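Okay, so here's the structure we're looking at.
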Number of protein chains: 2
Amino acid sequence: MKKDVTTEEKIKEAARHVFMAKGFAGCSSREISKAAGMNVALVNYYFRSKSQLFKIIFETAMEDFVTSMMTVFSSDQSIENKMRIFIDREFEFLSKHPELPVFIITEMNREEGCSIDHACFFEKIAASGIFNECAQAQLEGKMRKINILSLTLLIMSNCQYPIMAKNLMQGIHGISHEDYTSNLLLHKQNVTEMLVNYLFPINSKTTNKLK
Amino acid sequence: MKKDVTTEEKIKEAARHVFMAKGFAGCSSREISKAAGMNVALVNYYFRSKSQLFKIIFETAMEDFVTSMMTVFSSDQSIENKMRIFIDREFEFLSKHPELPVFIITEMNREEGCSIDHACFFEKIAASGIFNECAQAQLEGKMRKINILSLTLLIMSNCQYPIMAKNLMQGIHGISHEDYTSNLLLHKQNVTEMLVNYLFPINSKTTNKLK
DNA sequence: AACTATTTTAAACACTTGTTTAAAACACAT
DNA sequence: ATGTGTTTTAAACAAGTGTTTAAAATAGTT
């Protein structure tokens, strides 16, 4: 009999939640199995080991992370508008998956990385032609000439950090979850304005804003 | 007989390294004691438990983190120059303590936070008068009027993220440790220029640059 | 209904965990 | 040298870890 939600996916869903919230070292196989509502042995029946299960979860997380960043760049907008849309999408995506950036950064730093090859994901980014497109725009004088690493950092920093540091910021400014979330929308606008002004200094005032 | 380095401090030093690199859940008491070159029981002889030891390490880390941010603001520079100096110091400090931001953000998210009260550290920041000084500068038209949370986020994002995401960025752009480190200096200049241009739009071109 | 293959479980495995205990090593005053 | 208080160790504790085993429950076929 086919079930509406297969056991295998119940495990993956539970593992995703637990791993994201506590990291690989911060949780046990039993905790995951309990979250999925079943026996421990079943987890190892479907996935050989905790490491193997983690590997799958991490790789799909990476996939989501990278994919969300690249969808914008296939459109035929101007580079400046692509940037605006990108920031908008990134804030939206990360608001739905707030643990993702810390999870990826933390687990990339782990020595025993469950033998995960990160390179393949990064190759996808390079293969998408994003970097070439930016370099081209720089050559044509449409974009400020800073190196691509710095460009990546500017965007990633201002999109990801506000999500990552939520608890820290709430502590510093003594504000509630709701207040922080609404302030994040204002901040997104500030970030967009700052980045566009900096990266497109000439035509930033005349270009049409995002709807 | 007094020793040059007391056992207690040997433990703290080892614990600092191991906790920072692997987090609370990612390491064992025995790993710490081994890194300090001694028996496990000694760790619990000086510090009652793993949690207690962690609490001390975390609190001093927080102390460092907060202190490094506040030293600039006691000087009598202009607000714009303070900002430039702040960014400079923050990059320098974080380059020496690269694991600090991820460590703090991660451990602040932990449910079992070893019963650490974070509030006292944040109170120090507010008590320093930084926020008031910025609000004043905004009233006097010396600084762009954005809310203080957004201001904090802009600065923290652009200073901390480039350090936190080192491995991720190296992967994406396929560059070595050395290349990343040197690129970080260029990036610091870009960040400074972008932030100053955005926060001090009127007088940013005429004000004297940092030596 | 009886057989087969798949899915799920309880129980056990060897090992690591944080913590404690009791004895040993040490420093130092008398 | 003896006694005293401190520092360090080896060994043990119960509880929790990842993983495996063998039996039970279930589904599907004849």
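Letters A, B, ... mirror the listed sequences (proteins, then strands); counts begin at 1. Computed from a predicted structure; not experimentally measured.
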ask   = Tell me: CZ of A/Phe54 to P of D/dT19, nearest whole Å?
value = 14 Å
request  = Could you tell me the separation between the CG atom of A/Leu42 and the C1' atom of D/dA25, rounded to a whole number of Å?
outcome  = 13 Å
Integer-rounded Å distance: C/dT9 P and A/Lys34 NZ = 13 Å
remark   = Atom CE of B/Met38 and atom P of C/dC26 are separated, to the nearest Å, by 15 Å
ask   = So, is A/Ser28 close to the D/dT17 phosphate, meaning a side-chain N or O under 4.0 Å from OP1 or OP2?
value = yes
query = Just checking, B/Arg110 and B/Phe54: is the charged tip under 6.0 Å from the six-membered ring centre and within 45° of the axis?
reply = yes
inquiry  = The criterion is side-chain contact (heavy atoms from CB on, under 4.5 Å); which residues satisfy it with A/Arg144, sequence neighbours excluded?
reply    = A/Ile146, A/Tyr198, A/Pro201, B/Glu193
query = Can you check the A/Lys55 NZ to D/dG18 P distance for me, whole Å?
reply = 19 Å
inquiry  = Using a 3.5 Å distance criterion without hydrogens, assess whether the side chain of A/Asp179 forms a donor-acceptor pair with backbone atoms of A/Ile175.
reply    = no
request  = Figure out the NZ/P separation between A/Lys22 and D/dG16, and round it to whole Å.
outcome  = 14 Å
remark   = NE2 of B/His118 to CD1 of A/Ile172, rounded to nearest 0.5 Å, is 11.5 Å
inquiry  = With a cut-off of less than 4.0 Å, is there a side-chain N or O of A/Thr7 near OP1 or OP2 of C/dT8?
reply    = yes
key: Electrostatic pair A/Arg84:A/Glu80 at N-O distance under 4.0 angstrom   = yes
inquiry  = Counting primed atoms plus P, OP1 and OP2 as sugar-phosphate and everything else as base, spell out the protein contacts along nucleotides 19-25 of chain C at 4.0 Å heavy-atom distance: B, S or - for each nucleotide, 5' to 3'.
reply    = BBB----
Close aromatic pair by centroid cut-off 6.0 Å: A/Tyr180 and A/His173 = no
The helix from C/dA1-D/dT30 to C/dT30-D/dA1: angle between end helix axes, five pairs per end, rounded to 10 degrees = 10°
query = What class does the angle between the rings of B/Phe103 and B/Phe58 fall in, given that below 30° is parallel, 30 to 60° is tilted and above 60° is perpendicular?
reply = tilted
request  = Please check if atom NE2 in A/His97 has more than 12 non-hydrogen atoms from other residues, nucleotides or ligands closer than 6.0 Å.
outcome  = yes
inquiry  = Is a donor from one side chain sitting under 3.5 angstrom from an acceptor on the other, for A/Asn158 and B/Ser157?
reply    = no
